[in-house]
Protein chains: 2
Amino acid sequence: MTGLTKLEQLCEDKGLKMTDQRRVIARVISDAEDHPDVETVYRRATEIDPRISIATVYRSLKLFEDANVLVRHDFGEGRARYEETGHHHEHLIDIETGEVIEFFNQELEIMKERVARELGYDLIDHRLELYGRKRKD
Amino acid sequence: MTGLTKLEQLCEDKGLKMTDQRRVIARVISDAEDHPDVETVYRRATEIDPRISIATVYRSLKLFEDANVLVRHDFGEGRARYEETGHHHEHLIDIETGEVIEFFNQELEIMKERVARELGYDLIDHRLELYGRKRKD
DNA sequence: GTACATGCAAAGGGTTTGCAAACGG
DNA sequence: CCGTTTGCAAACCCTTTGCATGTAC
């Protein structure tokens with residue numbers, strides 16, 4: 001028996017009605033090692049089950065995002081990318097390949113909080129992306 | 001005699017052909033205390049001179065951006081905002097009012113560089129935005 | 001003069017939505 | 001069953017572009 005993915009389980013726990021389409025989309029995200037955009041999720045989903053429309057992909061991803069089981073990223077490419085909610089991390093984007101590298105730096109986290117506080121704000125969210133070129137030496 | 005704004009002067013120095021429209025758009029940005037989006041630049045520009053189309057605003061802003069006299073920002077609102085190129089700073093966006101507060105923190109700058117280097121990359125660009133709510137105490 | 005800039009409206013890319021039909025709990 | 005979800009296509013928003021006309025240098 002092939003169990004549910006963690007994402008599917010999470011969705012069920014949250015009481016979301018799980019249609020075949022939503023299950024497939026949840027699995028695609030679960031299986032993704034990258035940070036796929038909507039078009040990519042759509043492509044991968046229809047490979048598994050062609051009865052899925054792009055509109056449903058948009059609607060499901062938004063639903064999952066609102067349920068906090070999924071995080072949407074906007075890397076300034078004009079389209080959104082998604083990944084499963086998990087441990088917090090930042091992204092470094094390789095400007096030559098588009099590859100996305102995850103990293104986490106505790107000091108950076110602390111400093112963001114501090115800067116916001118010093119400006120009189122509670123930090124609600126943030127965005128930190130580094131764009132770099134692989135060092136060739 | 002009303003002198004040229006710094007931005008107009010910069011554009012002329014770079015050899016850009018300065019039409020009336022471009023001058024008005026440059027002045028609008030120069031006078032802006034905020035980080036106006038294209039629509040706002042268009043509105044302010046047409047108040048000064050109605051002979052300006054939105055297409056020209058887009059084209060001029062892009063031209064100025066390519067000439068590095070202007071910086072484009074994407075704060076994830078689905079539309080671009082612009083500001084004059086100047087001293088480097090980051091932005092904190094008030095999630096309730098949309099107000100943009102500028103800040104600079106040397107430690108953060110150093111750490112971004114370091115993180116990229118440690119991952120084997122040369123830092124080419126970055127994006128750091130804090131989204132906060134004004135502390136009410 | 002002539003290459004370049006403009007206005008207009010149409011096209012473009014990503015995303016959302018109205019509606020009737022299909023479906024999950 | 002009945003409210004929800006879906007597919008489809010049209011609509012949307014921001015931005016870009018083709019073309020004929022106008023203009024800075």
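Proteins come first, then strands; the chains are lettered A, B, ... in the order of their sequence lines, and each starts at number 1.
Residues that satisfy the salt bridge (charged side-chain N to carboxylate O under 4.0 Å, His left out) test with A:D125, not counting sequence neighbours, are absent from this structure. A search for ring pair (Phe, Tyr, Trp, His ring centres under 6.0 Å) contacts involving A:H35 returns A:H91, not counting sequence neighbours. Not counting sequence neighbours, B:R59 has no partner by the salt bridge (charged side-chain N to carboxylate O under 4.0 Å, His left out) test. Annotation: ring pair (Phe, Tyr, Trp, His ring centres under 6.0 Å) contacts of B:H126 (sequence neighbours excluded): B:H88.
The two residues B:K134 and A:Y121 come nearest to each other via the heavy atoms N-CD2, 3.3 Å.
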Letter by letter from the 5' end, nucleotides 15-25 of chain C scores (B base, S sugar-phosphate only, - none; protein heavy atoms under 4.0 Å) BBBB-----SS

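Hydrophobic cluster membership of A:V71, counting Ile, Leu, Val, Met, Phe, Trp and Tyr whose side-chain heavy atoms lie under 4.5 Å apart directly or via other members: none, as it forms a cluster of its own.
With rounding to whole Å, A:L63 atom CG is found 13 Å from D:dT4 atom P. Summarising the geometry, the separation between OH on A:Y82 and C1' on C:dG14 is reported as 11 Å, rounded to the nearest angstrom. For the pair B:Y42 OH and D:dT15 P, the interatomic distance rounds to 14 Å; values are reported in whole Å. The separation between B:R81 atom CZ and D:dC14 atom C1' is 15 Å, rounded to whole Å.
Along DNA chain D, the nucleotide closest to A:R22 and the one closest to B:E77 are compared, and the more 5′ of them pairs with A:R22.
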